[in-house]
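The structure appears below as structure tokens.
Residue numbers start from 1 in every chain, and the chains themselves are labelled A, B, ... in the order their sequence lines are given, proteins ahead of strands.
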Amino acid sequence: MQNSSMQALTAAQKKAVKHLEGPLLVIAGPGSGKTRVITYRIAALIDAGVPPYNICAVTFTNKAADEMAQRVLRMGTPPGAQISTFHSLCVRILREFASRADTKPNFTIYDASDQAVTMKQAVKLSELDTSNFPPARMRDAVSTLKSRLITTSQFEKQADDFFSKALLQIYKKYQKILAENNALDFDDLLLKTAFLLEGSPDVCNKLGNRFKFLLIDEYQDTNHAQYRIAKALASSHNNICATGDPDQSIYRWRGADIRNILAFEEDWPDAKIVKLEKNFRSTPNILKAADNLISENQNRKLKKLVPTKPSAEEVEITCCEDEFEEADNLAEKIKKLAENGTSLSDCAVFYRVNSASRVIEEALIKNKIPYQIVRGVEFYSRKEIRDILAYLKILVNPDDQTSLLRIINTPPRGIGKTSIQRIRDYALNNNITFYEALKKPDNIKTLSTAPRKKIAAFFGMIEGFKKNLDSEIAPLIERVFVESSLKKSLQDAGEEKIDAIQNVEELINAAAQYDSETEKPSLLDYLQQISLFTDADSYDTITNKVALMTLHAAKGLEFENVFIIALEDGLLPHERSSNEHDQIEEERRLFFVGITRAKSLLNISFAKYRTFRGQLLRSIPSPFLYELGIDFQENSSNLQSRFSDTSSGEPYYESLNSTEQQPRFRKGALVRHPTFGLGRVQQFNDMGENSTVTIKFNTGQTKTLMLKYAKLTKTGK
DNA sequence: CATAGCCGCCTTTTT
DNA sequence: GGCGGCTATG
């Protein structure tokens, strides 16, 4: 690397870049250039004579990996370094060492929705009720176990209560189904890799020798499985460099273990620690607000945020009547920015829940402001996309029954439920797979002639697709789309399915891109890559559009102008995270992450009323707003419009009581009902004299009552 | 076997 | 307010 390019770095950054060998931990606040340090380190290593293929950098998202790879190239370094997420790295390792990892290389990767389908089967097979054991919750429970590398046999030892025992059965069945389908879920990718590395010293050595330098970004959000993989990979050479910021840990709910970063020095006793505290991103006002907020977290190590930018505009907190006014306000402000020459790609809107985007979208459309939503897996979870992908998946992995069952009668081709059950029974009795049973439908005596013919035709079609799986993907998808009649069925459905057709066309375009970028395109590789892909990865930073995303998706990004909306109690912090102190702290970190994305302009807004599940509800400003050290008005200009309301000055909820005859009840308030007794308010629906209140009574029952008839009295204070 | 319509369920964040 | 699943009907 040229010295001139090193001059772009601060002294602390240089220190981190230059320390090439041995364990290194970079603790760095937001906007301090930690990703930059990793990028420069890769270049510096190559500069020092390390072959690129000896370098393995792990990022948090595919998008981050892409950007890092490009930056390294732009620094004039030769390509060849492994730069990817943990999951992609694991796919690569598992495919190479499949036999040693007790898998086949052509495994299908199951995403959250496939997992839910599989889990449902597992619950049923365990002869348990899906209402007592909701598949989604069971999926999360199993996922948590797996991310901690707790196998069924290990869990067996600690499962002593009723629920755990049931969970164990479900877990076992779930794994069995996955194995039968030759499928791995996200957690398996990590778990299998971790056990492969720990259980096969020769494989571990081989990989340790290949990846002589391991660099991990966003280390605070690694889970236990990832931690064990990292440890195994670096065990032979100790060349591990991790960067992270405990204050930006926002994935605890997904198994991220903050202890990984806190205990780095114990794991690697001779670790060198570098702290980066200078912030090159945000103005002092923004940093002050961020610092005030995060200081409220008790469970944290003190860290400074030292501004380097000159002072500029104040952080603004806007109070709105409802979500529509909030959206209009926002659109108006962005419009003004654009008129003053700001590029729309410099503007971003963050929210806690995806559903908050809709109203914003509508306002932006109304004001003709182009935008893009950076959403999790929206695109790949569309029905038509999943259908096409299911066709493709069974081409490389015929054991994937989940995909096969999805499309055997999609579009309808006369192979109904009864026929499918008969095929299943036949396969089971003859100890063959479902797909094998389709080969000779005439052998399935329980089937009548019509379905037999249809099955034969279906089987022939699938086999026909199987020619040339190691060539370009785009033409294959096109062929599948047409020959499966999916295209025709969408066309016949008319107007409302036009989007669906366009989505498939978009998929074909993306596949063409893959074809042109990949040296040796293969369907297997394409599918395994795409399974780890999210919409956020295709987020385009160049186009002149406002970016809309969740606070989680905002991690790692930065924008000149940031709008954070819906700062209301129950939304941020989210009500599902309001029970434990730890959860509240994570919500606070989430807000912190959002704030620190802003370079110069930060606008935070909340609404006094918000429609929630179809009902207009009164909302309370987020407690976090009071922690920023910024004065704000709880009134908006046209406050009196729809509801007679607050006189300012008093705390919010109390002022509600004073103006109307009807008493109002805050969520969580303790009340007494003449017949049901004591209970706690779960929800208060403010509809004037028709207000209703939902109360969970101590008897266990939950009731929604009309306020004017229910003779409620407040207890306590 | 396919479809329409109804009911009840859930609804945080995502690699 | 949206979706999956179930049921009744053609």
Side-chain angles (χ1 to χ4, degrees), chain A residues 58-65 84-91 109-113 115-117 120 130-131 134-137 139-140 143 146-147 184-191 218 221-223 225-226 249-256 350-359 374-378 380-383 409-422 448 450-451 454 489 493 528-537 549-556 566 570-579 583 586-587 589-591 593-594 611-616:
Chain A
V58 181
T59 56
F60 193 71
T61 62
N62 291 301
K63 168 107 186 139
S84 68
T85 61
F86 260 111
H87 287 85
S88 295
L89 176 66
C90 291
V91 168
I109 300 170
Y110 275 10
D111 65 12
S113 140
Q115 285 177 48
V117 172
K120 201 168 166 188
T130 48
S131 56
R137 210 165 305 159
R139 175 196 60 196
D140 292 346
S143 174
K146 292 213 266 187
S147 71
L184 302 182
D185 64 17
F186 286 132
D187 302 305
D188 284 328
L189 295 175
L190 302 174
L191 178 138
E218 309 277 16
D221 277 324
T222 49
N223 67 23
Q226 292 168 326
S249 160
I250 54 174
Y251 282 93
R252 210 181 67 120
W253 54 272
R254 207 174 74 183
F350 303 153
Y351 34 79
R352 176 69 229 275
V353 293
N354 279 306
S355 57
S357 71
R358 245 188 63 190
V359 179
V374 185
R375 195 169 299 194
V377 287
E378 169 98 331
Y380 293 99
S381 56
R382 293 204 159 96
K383 184 183 180 305
N409 202 32
T410 307
R413 52 171 69 87
I415 308 176
K417 248 211 233 131
T418 328
S419 302
I420 289 171
Q421 195 50 52
R422 285 172 181 161
S448 47
K454 285 163 178 165
S489 82
Q528 290 184 341
Q529 273 195 35
I530 216 175
S531 302
L532 301 175
F533 219 72
T534 66
D535 287 12
D537 299 320
M549 67 189 84
T550 62
L551 286 160
H552 283 90
K555 180 191 174 93
L571 276 170
L572 187 65
H574 195 275
E575 59 175 342
R576 307 259 294 220
S577 300
S578 307
N579 305 324
Q583 291 183 314
E586 175 143 321
E587 295 286 305
R589 289 195 292 269
L590 191 55
F591 189 25
V593 166
T611 318
F612 189 64
R613 287 185 213 171
Q615 279 175 315
L616 189 69

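- In this entry the distance linking CZ of A:R137 with C1' of B:dC9 reads 12 Å, nearest Å.
- Centre separation under 5.5 Å together with a plane angle under 30° holds for the ring of A:W253 and the six-membered base ring of B:dT13, marking them as stacked.
- Distances were taken from every side-chain heavy atom of A:P412 (C-beta onward) to each of B:dT15, B:dT3, B:dT14; the shortest belongs to B:dT3.
- In this model, the phosphate group of B:dT13 is not approached by any side-chain N or O of A:R576 to a distance below 4.0 Å at OP1 or OP2.
- A:S355 comes within 4.0 angstrom of no nucleic acid atom, judged by non-hydrogen atoms across all strands.
- Nucleic acid contact for A:N409: sugar-phosphate only, since backbone atoms but no base atoms lie under 4.0 Å from a heavy atom of the residue.
- Using a 4.5 Å heavy-atom cutoff, the side chains of A:T550 and A:F350 are not in contact.
- Rounded to whole Å, atom C1' of B:dC1 lies 11 Å from atom CD1 of A:I420.
- Along DNA chain C, the nucleotide closest to A:K120 and the one closest to A:R358 are compared, and the more 5′ of them pairs with A:R358.
- Of the two residues near DNA chain B, A:R413 and A:E587, the one whose nearest nucleotide lies more 5' is A:R413.
- A salt bridge is absent between A:R252 and A:D221; no separation between the charged side-chain nitrogens and carboxylate oxygens falls under 4.0 Å.
- Here the side chains of A:I109 and A:D188 are not in contact, with every heavy-atom distance at 4.5 Å or above.
- No engagement by A:F86 is indicated, since no non-hydrogen atom pair under 4.0 Å with the nucleic acid exists.
- No contact: A:S88 has no heavy atom under 4.0 Å from any strand.
- Rounded to whole angstrom, the span from the CD atom of A:E218 across to the C1' atom of B:dT13 amounts to 15 Å.
- Summarising the geometry, the separation between NZ on A:K63 and P on B:dT14 is reported as 16 Å, rounded to the nearest angstrom.
- A donor-acceptor contact under 3.5 angstrom links the side chains of A:D187 and A:S143, judged on distance only.
- In this structure, A:E575 places its CD atom 14 Å from P of B:dC10, rounding to the nearest Å.
- Atom NE2 in A:H574 sits roughly 15 Å away from atom P in B:dC10 (whole-Å rounding).
- Between A:I250 atom CD1 and B:dT14 atom P there is a gap of 9 Å when expressed in whole angstrom units.
- Phosphate contact (OP1/OP2 of B:dT14, side-chain N/O of A:T550, threshold under 4.0 Å): present.
- Taking atom CZ of residue A:R139 and atom C1' of nucleotide B:dC10, one finds them 12 Å apart after rounding to whole Å.
- Both A:P134 and A:H552 lie close to DNA chain B; mapped to their nearest nucleotides by heavy-atom distance, the more 5′-ward contact belongs to A:P134.
- A:N354 has a side-chain polar atom (N or O) that falls below the 4.0 Å cut-off from OP1 or OP2 of B:dT14.
- Of the listed residues (A:D111, A:T61, A:L189), just one forms a side chain to side chain contact (heavy atoms under 4.5 Å, CB included) with A:L532, and that residue is A:L189.
- Within the nucleic acid shown, A:K454 has no heavy atom closer than 4.0 Å to any nucleic acid atom.
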task = Step by step, work out the side chain to side chain contact (heavy atoms under 4.5 Å, CB included) result for A:H552 and A:Y251.
result = CA-CA 8 Å; A:H552 283 90; A:Y251 282 93; 3.5 Å; yes
